[in-house]
Structure formats: structure tokens, C-alpha cells
Amino acid sequence: MPRQRKRACQDTPEPETEAPAGKLVKANKAEIPAEPLGEAKTSDSPEKNRATKESGNETSRYWLMKSEPESRLEKGIDVKFGIEDLKAQPRQTACWDGVRNYQARNFLRTMKLGEKAFFYHSNCKEPGIAGLVKIVKEAYPDHTQFEKDSPHYDPSSKKDNPKWSMVDVQFIRMTKRFIPLAELKGYYHAHKDIGGPLQNMALFTRQRLSVQPVTQGEFDFVLSLEDKKPS
DNA sequence: GCCAACGTTGGC
DNA sequence: GCCAACGTTGGC
């Protein structure tokens with residue numbers, strides 16, 4: 001079974017000055033015709049509602065994206081991709097490949113240019129939020145699903161109807177301090193009892209989802225922790 | 001379409 | 001390294 005977390009992947013050059021000759025860019029712009037969002041009956045009704053009534057309110061939407069900052073081999077390939085790895089990419093941009101979960105994929109497909117996401121470090125010594133990124137390219141086919149040697153190869157996916165998507169993200173900044181999962185969890189539990197912005201945070205209510213929505217209230221609250229003493 | 005077995009996620 | 005949570009698979 002493929003895992004659903006992200007690993008590094010070369011950035012695709014954009015219409016800009018730099019486009020080094022030798023870079024194997026194989027016109028990979030086979031944009032998929034907007035597919036129906038809900039394969040595999042995911043129980044994402046709240047999000048679907050939000051997505052379908054997009055006009056009007058809800059001008060800003062936020063995300064949380066998990067990635068592993070520590071080395072781990074999968075099919076002999078290191079899937080490590082922490083925020084420092086993103087910073088080290090050309091234009092500090094990378095494609096978010098390797099998502100192999102329908103709910104997470106559907107969220108990827110609703111992401112819009114410019115939307116912000118927390119870069120979350122998972123499966124590591126200190127899990128938590130390390131920084132901020134933004135969406136710089138909306139969903140397109142994840143090429144790793146067709147690569148036999150990729151840890152995320154999916155033999156059931158056909159070129160003319162790709163199953164899996166990815167977006168490109170660009171580094172914005174580190175959070176002023178690392179915001180540990182344990183601290184967020186403390187607030188989550190408190191807010192559950194007394195009410196508060198983190199009371200429904202997907203990080204805790206949908207615990208294994210690698211790409212998840214963050215509300216304005218959650219986003220603001222988490223950022224407010226930057227200037228606060230660690231609890 | 002149910003649901004048990006199985007495999008993965010990911011914190012601890 | 002353990003193992004709880006939970007998504008996926010496949011038999012029926």
C-alpha cells in the first residue's frame with residue numbers, strides 16, 4: 001500500500017527567465033479535465049458544502065500539509081522532505097507528490113492559487129508546525145503514480161485518467177518559533193471543554209489525514225501562538 | 001453493501 | 001518499537 005505522505009520532487013520551471021536547457025521537463029502539462037470530486041465516497045460533506053457554496057463568503061481558505069523531515073526509506077528511497085528541504089529547492093518551490101488517500105487528494109484538488117498552508121512535520125522527534133507555504137500551482141497529475149520505481153507508484157492508475165493529483169507549494173516563511181503538536185493538542189483539549197478556536201481542528205479530529213483544511217479561526221489562533229511563550 | 005482482515009499512519 | 005486509530009480490500 002502506498003503511503004500518503006510527501007517526498008521531494010523537482011520543481012517544474014514556470015514561465016520566467018530561467019529555464020535551463022537540460023532539465024527534463026517533458027511537457028507534463030496534461031491537465032486533467034476537471035474530474036468529479038468525490039470518488040470513493042469520502043465522508044467529506046462539510047468540505048463539499050464549503051467548496052460548492054464558494055461564491056460569497058469564505059474568501060480565504062487555509063490548509064495543513066504533513067511531511068516527514070527525517071529520513072525514512074520506502075522502496076529503498078528516502079522520503080524525507082522537511083521544510084528545510086523545501087527552502088533548498090529552486091525558487092523554494094516543490095510539487096507535493098505522493099498523496100494516496102482520496103480525501104487528501106480531494107482537498108488538494110480544491111486548493112486555489114495563493115492559498116496558504118501550514119507546513120507540518122510528522123513522524124519525527126518533534127512533530128508540529130514549522131512554517132508557512134502557499135499554493136503556486138493548482139492540482140495537476142502526480143507523475144510519480146506512473147513511475148515504477150517510485151514509492152508512490154500506482155499500477156492501477158492509467159495515463160489517460162490519472163487517479164492522483166499534486167499541487168506546487170512555495171516556501172513563505174518559518175513560523176517565528178516551532179509550534180509543537182503537544183502544545184496544539186493542549187489547546188485542542190481545552191477548547192473542546194470550554195469552547196475555543198481549536199475545538200474542531202482536523203489535526204485531531206481527522207488524525208491521519210495528510211492534507212487537511214484549516215479554518216480562519218484556527219489559522220489565526222495558531223499564528224497567535226508564535227508570539228506567545230511556549231506553554 | 002456488510003464487515004472482518006489487513007495494512008498504514010504517526011504519536012508516544 | 002509499540003500499538004491505537006482508521007482507511008482499504010475483498011469475500012460473501
Side-chain angles (χ1 to χ4, degrees), chain A residues 1-9 35-48 63-86 96-110 117-131 133 142 144-145 147-158 161-167 169 175 177-192 198-214 218 222 225 230-231:
Chain A
M1 239 316 125
R3 299 169 81 93
Q4 60 166 311
R5 275 163 285 152
K6 197 242 163 290
R7 76 177 179 82
C9 138
E35 224 178 301
L37 225 68
E39 253 171 75
K41 47 139 188 250
T42 53
S43 53
D44 56 356
S45 41
E47 293 76 36
K48 213 184 311 174
W63 307 97
L64 181 146
M65 303 170 83
K66 299 180 182 176
S67 192
E68 301 186 32
E70 293 173 7
S71 286
R72 186 173 62 78
L73 294 186
E74 225 176 287
K75 279 175 72 174
I77 293 171
D78 193 351
V79 295
K80 161 178 152 55
F81 192 78
I83 197 160
E84 295 298 336
D85 299 300
L86 175 62
W96 204 267
D97 65 320
V99 171
R100 295 294 180 269
N101 166 281
Y102 286 110
Q103 283 183 4
R105 180 205 68 178
N106 290 345
F107 285 130
L108 283 179
R109 290 183 177 179
T110 68
F118 289 126
F119 194 113
Y120 177 89
H121 281 170
S122 70
N123 204 17
C124 57
K125 282 281 162 46
E126 245 217 317
I129 291 171
V133 301
D142 178 346
T144 64
Q145 68 196 296
E147 296 167 3
K148 289 209 171 57
D149 293 334
S150 167
H152 304 119
Y153 176 58
D154 181 355
S156 74
S157 183
K158 297 289 168 273
N161 187 20
K163 267 192 189 170
W164 305 111
S165 302
M166 62 188 185
V167 298
V169 304
T175 44
R177 66 179 178 88
F178 182 81
I179 303 179
L181 173 65
E183 182 176 345
L184 294 170
K185 186 179 280 183
Y187 286 111
Y188 164 68
H189 283 123
H191 291 184
K192 236 182 1 171
L198 297 197
Q199 61 183 336
N200 299 123
M201 194 175 189
L203 190 56
F204 307 103
T205 60
R206 319 281 297 277
Q207 73 184 142
R208 292 171 46 193
L209 199 54
S210 69
V211 175
Q212 50 183 252
V214 169
E218 290 161 356
V222 170
L225 297 177
S231 45

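Predicted model, so just to flag it, every value in this text is computed and none were measured. The basis for the numbers below is simple: all heavy atoms, side chains too, and nothing from hydrogens, waters or symmetry mates.
- When the nucleotides B/dG10, B/dG11, C/dG7 are ranked by their closest atom to the side chain of A/K185, B/dG11 comes out on top.
- Protein atom NZ of A/K125 is 14 Å distant from nucleotide atom P of B/dG11, rounded to whole Å.
- Between the P atom of C/dT8 and the CZ atom of A/R105 lies a distance of 11 Å, rounded to the nearest Å.
- To the nearest angstrom, P of B/dT9 lies 15 Å from CD of A/Q212.
- In summary, the side chains of A/S71 and A/D78 do present a donor paired with an acceptor at a separation below 3.5 Å, with no hydrogens or angles considered.
- Checking B/dG10, C/dT8, B/dG11 against every side-chain atom of A/Y102, the shortest atom distance belongs to C/dT8.
- In terms of the side chain to side chain contact (heavy atoms under 4.5 Å, CB included) criterion, residue partners of A/P180 (sequence neighbours excluded) are, by chain and number, A/E126, A/R177, A/F178, A/E183.
- The main-chain N or O of A/T205 is never found under 3.5 Å from a side-chain atom of A/N200 such that the two would form a donor-acceptor pair.
- We find that CZ of A/R206 is positioned 21 Å from P of B/dT8, with the value rounded to whole Å.
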What nitrogen or oxygen pairs link the protein and nucleotides 2-5 of chain C at under 3.5 Å?
from: C/dA5; atom 1: O3'; to: A/Q207; atom 2: OE1; distance (Å): 2.6
from: C/dA5; atom 1: N3; to: A/R208; atom 2: NH1; distance (Å): 3.2

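- Without hydrogens or angle criteria, A/N106 side chain to A/Q103 main chain gives no donor-acceptor distance under 3.5 Å.
- In this structure, A/R100 atom CZ and B/dG7 atom P are separated by 20 Å, rounded to whole Å.
- Of the residues A/Q145, A/R100, A/K75, the one that meets the side-chain contact (heavy atoms from CB on, under 4.5 Å) test with A/Y153 is A/K75.
- Considering only side-chain N and O atoms, A/Y120 lies nowhere under 4.0 angstrom from the phosphate OP1 or OP2 of B/dT9.
- Rounded to an integer number of Å, the gap from A/L203 CG to B/dG11 P is 8 Å.
- Taking atom CZ on A/F204 and atom P on C/dC6, their separation rounds to 14 Å, with Å as the unit.
- The phosphate of B/dG10 (OP1 or OP2) has a side-chain N or O of A/K66 nearer than 4.0 angstrom.
- To the nearest 0.5 Å, atoms CD (A/E74) and NZ (A/K80) are separated by 15.5 Å.
- Rounded to whole Å, the distance from CG on A/L184 to P on B/dC12 is 11 Å.
- For the side chain to side chain contact (heavy atoms under 4.5 Å, CB included) test, residues two or more places apart in sequence or in another chain that qualify with A/F204 are A/L181, A/L184, A/K185, A/Y188, A/M201.
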